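This is a predicted model, so every value here is computed, not measured. Counting convention: from 1, in listed order, for ligands and their atoms alike. Note: hydrogens, waters and symmetry copies are ignored here, and every other heavy atom, side chains too, is used.
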Amino acid sequence: MRISSRFIYFFGALGGMLFGYDFGVISGTLHFLDKNLRVTENSLQEGFVAAAVLIGAGIGAIAVGKAADLVGRKKLLIASSIIFCIGALLSGFAFDAFYIVAARILLGLAIGSVSALVPMYLSELAPTSSRGSIAFLNQLMIVLGILLSYVVNFLLVRIGSPEWNTQWGWRFALGGAVIPGFVMLLGSLLLPESPRFLVRIGDLDSARAVLTNLRPVSEVDEEIDVIKANIKTKFGSFKDIFSRFVRPALFVGAGLAFFQQFMGCNIVVYYAPKVLEVAGFNDLNQRLVAIGIGIFNVIATIIAIAIVDKINRRTLLTIGGIVMGISVGVIAWVDYNISGSTVSITEQVVISIMLILYILAFGITWGGTMWVVLGEIFPLHVRGLGVGIASMVNWLANFLVVLLFPVLLGTLGNNKYWIFIGIGLFCLLGVVFVRTVAFETRGLSLEEIETNLQKKAMK
Ligand code: BGC
């Protein structure tokens, strides 16, 4: 059956939506769920409900990475959507704290898996000239998922009574994730296997059939020859990932994944309401600005898709890091100057504008580019494992930031501007990392990137 390239790229990227939706929806439902299941009676349990997905995701990312090198990308995309559907239903039907934590670890496993699979799958399917924008579709799905979750959170509060929300609302919001999960399952059953994986296991006929769907026929054989010529070993191991040849890629991948989180994106994305509450915004304004941030994140991602293949990845990351650093610097400065507990309208406006500037800069640059680069830098025989490890670093860093932020807010009291100064410093360090350690991948085929790494190792 001939499947259109749009269908392949759309369903190939859809996993990102599961990741975004589930992640965003918990922030608006946690307090209803807490009340209903009495999770808060035990503070360890409470922390676990929020963190379970992140822990599961870290484990899922590394496990799927190794498996993807052995069994391919498609089977694991199918398996992840099944696990996701089961996790979503279990969360919706959860009847005690233990149950919800178990369900959310399961969801995390699926989310971590797709976070590693999707960028690698898309970059292995895409032609070199548009690989950035195709792999960026993953980020578009993530931010659409987040926006959808904000809208669901908003509607819950607007439509349902607090009692109904405590009993049922959160169940619909969490369990409802089964719908995109099921759509992804159906789509992934029809998706082709990655042509690069197929060449690596020697199934050239299937690889040719997949590429014929995606490229002008005249280019297919040449691409297969290049992929074939590049294959030295069939399966890579943990030892290979630390070899002289692969180490630089691992370092760049893990470093970018770490900085993406420590530069504060999730503090802005998920804690925007908290940041605004601290700055004196009322409840309705907090929710509206949160939805606004979600919309700006989507707009920024669409802009990025249009420009990502025209500007070097390192340039994008550098500019993004600088603008993000400046905007959190201004927030820190305003925060430092706030006198007492009253926040003036001007201060509120400046903070809102800076949050929007931050999210635009993040969405156009670090948001998707980090995932795009992860899918590109690793040699084929260890690509799954490499992306899995880097993605695990991203989840662990995310976990640390999410855990630390409320603690710091509590302990720093009126001196919370230190949090923003800290984020600003990480933005600066992120830029230094990009300029000194990261290497450029735009305009090079995956095989050329691999050859360059090899040449470097032989020097
Ligand atoms: C990040 C996520 C973040 C999302 C928000 C992704 O690239 O990895 O942690 O929540 O972007 O836009």
Q: Of all the atoms in ligand 1, which lie at a distance below 4.0 Å from a heavy atom belonging to Gly367?
A: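 Within the 4.0 Å cut-off of Gly367, ligand 1 contributes 7 (O).
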Q: When you look for heavy atoms under 4.0 Å from ligand 1, do you find them on the side chain of Phe23, its backbone, both, or neither?
A: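 For Phe23, no heavy atom sits under 4.0 Å from ligand 1.
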Q: Which of these, Leu117, Leu70, Val114, sits in a side chain to side chain contact (heavy atoms under 4.5 Å, CB included) with Leu76?
A: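 The single option meeting the side chain to side chain contact (heavy atoms under 4.5 Å, CB included) with Leu76 is Leu117.
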Q: Quick check: closest heavy atoms across Ile291 and Leu147, and the distance to 0.1 Å?
A: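 What the structure gives for the nearest pair is O-CD1, 3.9 Å.
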Q: Taking the minimum heavy-atom distance to atom 9 (O) of ligand 1, which of Gln261, Gln139, Gln260, Met370 ranks first?
A: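 Comparing heavy atoms across Gln261, Gln139, Gln260, Met370, the nearest one to atom 9 (O) of ligand 1 lies in Gln261.
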Q: Parallel, tilted or perpendicular: which one describes the rings of Trp168 and Phe172, with boundaries at 30° and 60°?
A: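 Correct class here is tilted.
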Q: Parallel, tilted or perpendicular: which fits the ring planes of Trp366 and Phe259, with parallel below 30° and perpendicular above 60°?
A: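 Aromatic pair Trp366/Phe259 classed perpendicular.
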Q: Would you say the side chain of Thr369 lies within less than 4.5 Å of the side chain of Phe136, judging by non-hydrogen atoms?
A: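 Contact flag for Phe136/Thr369 side chains = yes.
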Q: Heavy atom of Phe362 under 4.0 Å from ligand 1?
A: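 Contact present.
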Q: Should you measure from each heavy atom of Asn394, which atoms of ligand 1 turn up under 4.0 Å away?
A: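 Going through ligand 1 atom by atom, the ones under 4.0 Å from Asn394 are 8 (O).
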Q: Side chains of Thr128 and Leu444, heavy atoms from C-beta outward: is any pair under 4.5 Å?
A: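 Not in contact.
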Q: For ligand 1, which atoms sit closer than 4.0 Å to a heavy atom of Asn398?
A: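 Listed by number with element, the hits are 9 (O).
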Q: Going by the atom numbers of ligand 1, which of them fall below 4.0 Å from some non-hydrogen atom of Val143?
A: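 Numbered from 1, ligand 1 contributes 12 (O).
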Q: Which ligand 1 atoms does Ile146 reach within 4.0 Å, using its non-hydrogen atoms?
A: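 So the answer, numbered in order with elements, is 5 (C).
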